[in-house]
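Counting starts at 1 for both ligands and their atoms, in listed order.
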Amino acid sequence: MAWCPDCRTQYREGVERCADCGSPLVEDPGPEPEAEWDPVGWVTVEETGDEVEARIIEGYLLEREIPVRILSRHDHELPTTVGELSTVEVQVPEEDLDRAIAALEEVDGDDD
Ligand SMILES: [Zn+2]
């Protein structure tokens, strides 16, 4: 089989160039190119207004080998006179959510 490496269109044997883009066809299109977006479904495990707190949580989760990403969202629609308002979301892959919640509960338990 012949494939266009750019359009990933399949052509019948004997065709040498892609009809759409003119690329020379290849026998094997190879693996799908990596998507721009992250294929992992990230879910928010903690939302806080304090980026320092978010970094601490990140540290706890990373210690437990749970992947973490932090989304910081500044709200520019609110007047700046109330100070710098932002929401920081700590996200983990959906598959690690249970472990992340358990890890954070463990941390909270230290308060007593
Ligand atoms: Zn093509």
Quiz item: Is the shortest side-chain N to carboxylate O distance from R64 to E106 below 4.0 Å?
Solution: yes
Quiz item: Measuring from Q91:CD to L71:CG, what's the distance to the nearest 0.5 Å?
Solution: 4.0 Å
Quiz item: Using a cut-off of 2.8 Å, how many protein N, O or S atoms lie below it in distance from the Zn ion (ligand 1)?
Solution: 4
Self-check item: Candidate pair D6 and C18, rule side chain to side chain contact (heavy atoms under 4.5 Å, CB included), full reasoning
Solution: CA-CA 9 Å; D6 293 326; C18 174; over 6 Å; no
Quiz item: Can R17 and S23 be said to form a side chain to side chain contact (heavy atoms under 4.5 Å, CB included), step by step?
Solution: CA-CA 5 Å; R17 284 186 180 273; S23 289; over 6 Å; no
Exercise. Verify the cluster assignment for I101 and I66: are they in a single hydrophobic cluster under the rule of side-chain heavy atoms below 4.5 Å apart?
Key: yes
Quiz prompt | Greater than 12 external heavy atoms within 6.0 Å of Q10's CD | solution = yes
